[in-house]
Amino acid sequence: MLLTLITALSLQLNAAATAAVPVADSSLNTASVQNYDGSSAYDREAEMQLLDMANAERQHVGLAPLKMDEGLVRAARAHAAQMASQNKLSHQFSGEPGLPERIGASSPLHLNRTGENVAVAPNAEEAHTGLMASPPHRDNLLSPNFNVAGFGVFRSGHWLYVTQDFGSSTPAYSVQQAQAAVSSSLEQLRTQARMPRLQRVENRYAQTSACAMAQADSLSGAEPPSGAYMLRYTSMQPESLPTNVSKIIAQRGLRTYSAGTCYAKTQKYPNGAYWVVLVFY
């Protein structure tokens, strides 16, 4: 017997940030972790078995394996324990953070997409077979968009409560690397528009404005310096520019620009985003 639910989510702008559900112990170095009353446990062996079976399926269709992330495992275990305590399958219980918030509070990874499968079954083999037989669950397990995962299994009596959390992990850039990625994409667009190359100049105002936006969790900010154009936006990947940047780039009177970037996890972006300020002169 198998019961399942599924969700696959892209990061949302209006997601609410909150703390992850606490668990007794989320160490990945033990075979099982006892619950508060000692009657239930996390099943480390079943977790690894499910991951191995998932990666075997991915290899069969030519996909790269999912890499286990400790933060995703913590989030998955906490939710599996919550399902066991409620004796119910759900992606979110009353008072529990949503999936992006749970993952964002548990994992330091930069993620631009998340997904989740949940199930209850008597053993790992039946859980995997049932999930693979369900098209939407299979889509999560075999999604080329996901490259990291954390599987949590909570044993309660004869049943295993299973949570499979998935993520699309993107590179973590330093401030300098993020600024370089923004600049490279901007200069490519300028070249495509057949406009003269803009000179990039260092400007503390652009950087401090980007971090001020991140701290305020808002694109609202100070007015641009006199005689300058300012573009403010957020992006999961700094090399991805907003569509409206082309209107500014095409202006012939521009000569120089400055780029400021600040990566932060906020209430709107629980899994993190780059806050970007471009100032054109």
Side-chain angles (χ1 to χ4, degrees), residues 9-15 17 71 100-101 103-105 107-114 145 147-148 167-281:
L9 304 173
S10 295
L11 299 185
Q12 300 297 318
L13 302 185
N14 60 352
E101 291 80 15
I103 290 179
S107 175
L109 293 180
H110 295 193
L111 302 172
N112 62 12
R113 184 182 296 270
T114 60
N145 295 318
N147 54 17
V148 293
S168 175
S169 178
T170 59
Y173 294 104
S174 67
V175 171
Q176 293 74 21
Q177 289 172 329
Q179 290 177 355
V182 170
S183 298
S184 177
S185 295
L186 188 152
E187 290 163 6
Q188 287 179 15
L189 285 180
R190 183 77 174 180
T191 299
Q192 292 170 6
R194 298 182 179 180
M195 301 294 290
R197 183 183 179 90
L198 296 178
Q199 180 184 1
R200 178 185 165 192
V201 297
E202 295 297 328
N203 186 321
R204 186 181 297 272
Y205 177 83
Q207 183 60 33
T208 56
S209 295
C211 290
M213 289 193 312
Q215 186 174 6
D217 200 8
S218 172
L219 291 177
S220 300
E223 293 299 316
S226 177
Y229 298 94
M230 177 181 285
L231 179 65
R232 297 183 285 253
Y233 64 94
T234 57
S235 177
M236 302 303 171
Q237 297 172 295
E239 59 271 23
S240 298
L241 302 180
T243 56
N244 60 342
V245 74
S246 299
K247 296 180 180 179
I248 296 179
I249 290 177
Q251 296 188 39
R252 294 186 176 278
L254 301 180
R255 296 291 182 268
T256 63
Y257 74 97
S258 299
T261 64
C262 192
Y263 179 86
K265 291 186 176 183
T266 67
Q267 184 175 358
K268 289 181 180 178
Y269 299 93
N271 287 114
Y274 291 92
W275 297 77
V276 184
V277 168
L278 288 170
V279 182
F280 298 89
Y281 304 88

Spacing of [X] atom [atom1] and [Y] atom [atom2] [to the nearest 0.5 Å]:
| X | Y | atom1 | atom2 | result |
| --- | --- | --- | --- | --- |
| S209 | L219 | OG | CG | 12.0 Å |
| R190 | S183 | CZ | OG | 13.5 Å |
| H110 | Y274 | NE2 | OH | 5.0 Å |
| L186 | Q179 | CG | CD | 12.5 Å |
| R232 | S218 | CZ | OG | 8.5 Å |
| Q215 | M213 | CD | CE | 12.5 Å |

Tell me, please, which residues at least two apart from [X] pass side chain to side chain donor-acceptor pair (under 3.5 Å).
| X | result |
| --- | --- |
| N145 | none |
| S107 | D69 |
| R197 | E187 |
| S168 | N112 |

- For L111 and V148, what are the C-alpha separation, side-chain angles and deciding distance, and is it a side-chain contact (heavy atoms from CB on, under 4.5 Å)? CA-CA 9 Å; L111 302 172; V148 293; 4.1 Å; yes
Handout entry: Ring geometry between W275 and Y269 (parallel below 30°, tilted from 30 to 60°, perpendicular above 60°)
Key =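 Judged by the thresholds at 30° and 60°, the geometry between Y269 and W275 is perpendicular.
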Minimum heavy-atom separation for [X] to [Y], with atom names?
| X | Y | answer |
| --- | --- | --- |
| T114 | P100 | OG1-CG, 4.3 Å |
| A259 | L278 | CB-CD2, 3.7 Å |
| A273 | M236 | CB-SD, 4.1 Å |
| A206 | V277 | O-CB, 3.6 Å |
| N147 | S169 | OD1-N, 2.8 Å |
| G272 | Y263 | CA-OH, 3.3 Å |

If the condition is side chain to side chain contact (heavy atoms under 4.5 Å, CB included), which residues does Y281 pass it with, not counting sequence neighbours?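 Scan of Y281 (side chain to side chain contact (heavy atoms under 4.5 Å, CB included), adjacent residues dropped) gives N203, P225, A228, T256, S258, V279.
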ask   = CD of Q177: more than 12 outside heavy atoms within 6.0 angstrom?
value =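 Atom CD in Q177 is crowded, with more than 12 foreign heavy atoms closer than 6.0 Å.
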Discussion item. Show me the pairs that pass ring pair (Phe, Tyr, Trp, His ring centres under 6.0 Å) and involve residues 228-262, at least two apart or across chains.
Written reply: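 For residues 228-262: none.
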Before you tell me yes or no, could you show the steps for L198 and F280 under side-chain contact (heavy atoms from CB on, under 4.5 Å), namely the whole-Å CA-CA distance, both residues' side-chain angles and the distance that decides it to 0.1 Å?
CA-CA 9 Å; L198 296 178; F280 298 89; 4.1 Å; yes
